Number of protein chains: 2
Amino acid sequence: MPEMKFTRDNLAEVLRNRGINPTHQRIEIAYAIFSRCEHSSADQILALVNDRASETSKATVYNTLNLFLEKKLIREVIVDPSKVFYDPNTDPHHHFYNTDTGELTDIDARDIRVTGLPPLPHGMATEGVDIIVRIRSKAA
Amino acid sequence: MPEMKFTRDNLAEVLRNRGINPTHQRIEIAYAIFSRCEHSSADQILALVNDRASETSKATVYNTLNLFLEKKLIREVIVDPSKVFYDPNTDPHHHFYNTDTGELTDIDARDIRVTGLPPLPHGMATEGVDIIVRIRSKAA
DNA sequence: GTCCTGATTAGACAGAGTCCAGAGCTTCGT
DNA sequence: ACGAAGCTCTGGACTCTGTCTAATCAGGAC
């Protein structure tokens, strides 16, 4: 995502470019995810979308998030056993995860090098490498 | 865990060393986790334990798994949004995750080096670094 | 307007995990 | 041996995240 203002019109365009029919609800959901440059969970997005304007159902939020995932418009981050976070940043990157607060912070992947990985099992291909650095406030 | 036969007697000793009262149920649960050198989910463990001998309740399995986690007897692996896997291997290591089959494979951490990580946010300490290599069968 | 297709909806449902109040074991003192 | 105290275990109710379904709705083509 290059830096740009996320207006609803822009987002409609982005959706169209990915082959997603930009309906009112989808635009609102995209707006909720992208304007807030953070990692949100499905229920946060549901709450955000329903704060303003017309009601959007839980089913639509989940459907839409899965659609966005499929079209690689967003990524999912699995760090908490109880819920998935959705990440508007699709550039290669990793995460700090604050286990006290649940806060996620991006780590740009450009400077990261991982060496010593064993060869993949036969006939397998890498789909992605996720690095999660779990951190905690030092004062234990 | 050094290589050793996991008899119920050994396991009782292991639990005691960690300050865990080795009750019948806890030993059976430990046995299920350690004899099977794989990554099991809570429901698999529940099924394994109830295959043989006296019934153990779901609540006890969850309580015990959390107790083992707390006492650092096992680790949890969070890769699948729908369930947690419990890992009998507490040595530093990472994982291959086969997204087709759900299969988890250990990667010894001894040879792995990660360079280029940014400094931790102020006042934070690292709790652990998890690397998950998501893999998939090459023939798509 | 009418059709057709795809999107949305409410609510039922499923599965993982937690909570709680009661019952069961152990241990210990008497 | 008895009773009290303190863990531990249990079934079942409950919560929460996420999915499914059947019905409704919106919007474009004609």
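In what follows, chains carry the letters A, B, and so on, assigned in the order in which the sequence lines appear, proteins first and then strands, with residues in each chain numbered from 1. Heavy-atom basis, side chains included; hydrogens, waters and symmetry copies ignored. Note that the coordinates shown come from a computational prediction; the quantities given were computed from them, not determined experimentally.
- For B/K83 and C/dG17, a side-chain-to-base donor-acceptor distance below 3.5 Å is absent, hydrogens and geometry of angles not being considered.
- No donor-acceptor contact under 3.5 angstrom links the side chains of A/H95 and A/D130, judged on distance only.
- As a whole-Å value, the separation of A/K58 NZ from D/dT15 P is 14 Å.
- Side chain to side chain, A/T23 and A/N21 fail the donor-acceptor criterion of an N or O pair below 3.5 Å.
- Distance, A/I78 CD1 to D/dT17 P: 16 Å, rounded to whole Å.
- Two residues, A/Y86 and B/N21, neighbour DNA chain D, and the one matched to the more 5' nucleotide by heavy-atom proximity is B/N21.
- For A/S82 and D/dC16, the shortest distance from a side-chain N or O to OP1 or OP2 is not below 4.0 Å.
- Distance CD (B/E70) to P (C/dT18): 12 Å, rounded to an integer number of Å.
- Taking the side chain of A/A59 as heavy atoms from C-beta on, and the options D/dT10, C/dT8, C/dA10, the nearest nucleotide is C/dA10.
- For B/D106 and B/H39, the side-chain atoms include at least one donor-acceptor pair closer than 3.5 Å.
- Taking atom CD on A/E28 and atom C1' on C/dT9, their separation rounds to 17 Å, with Å as the unit.
- When distances are taken from the side chain of B/R26 to each of D/dC9, D/dT10, C/dG17, the shortest belongs to D/dC9.
- The side chain of B/S57 places an N or O atom within less than 4.0 Å of a non-bridging phosphate oxygen (OP1 or OP2) of D/dT10.
- The listed nucleotides are D/dA13, C/dT8, D/dT19; the one nearest the side chain of A/T60 is C/dT8.
- Taken together through direct or relayed side-chain contacts under 4.5 Å among Ile, Leu, Val, Met, Phe, Trp and Tyr, A/V61 and A/Y31 form part of one hydrophobic cluster.
- For the OP1/OP2 pair of D/dT19 and a distance below 4.0 Å, the side-chain nitrogens and oxygens of A/N66 include at least one atom meeting the criterion.
- Between A/Q25 and D/dA26, a side-chain N or O to OP1/OP2 separation shorter than 4.0 Å is absent.
- One atom, NE2 of A/H24, and another, C1' of D/dG28, lie 19 Å apart when rounded to the nearest Å.
- Looking at A/T7 and A/N10, their side chains do bring a donor and an acceptor atom within 3.5 Å of each other.
- Note: CG (A/D80) to P (D/dC16) measures 14 Å, nearest angstrom.
- Rounded to whole angstrom, the span from the CD1 atom of B/I20 across to the P atom of D/dC9 amounts to 11 Å.
- Considering only the side chain of A/T23, C/dA7 comes nearest among C/dA7, D/dC9, C/dA16.
- Distance from the side chain of B/A42 is smallest to C/dG17 among D/dT19, C/dT9, C/dG17.
- Here D/dT8 presents its P atom at 21 Å from OH of B/Y62, a figure rounded to the nearest Å.
- With the nearest nucleotide of DNA chain C identified for both B/N63 and B/V84, B/V84 has the one nearer the 5' end.
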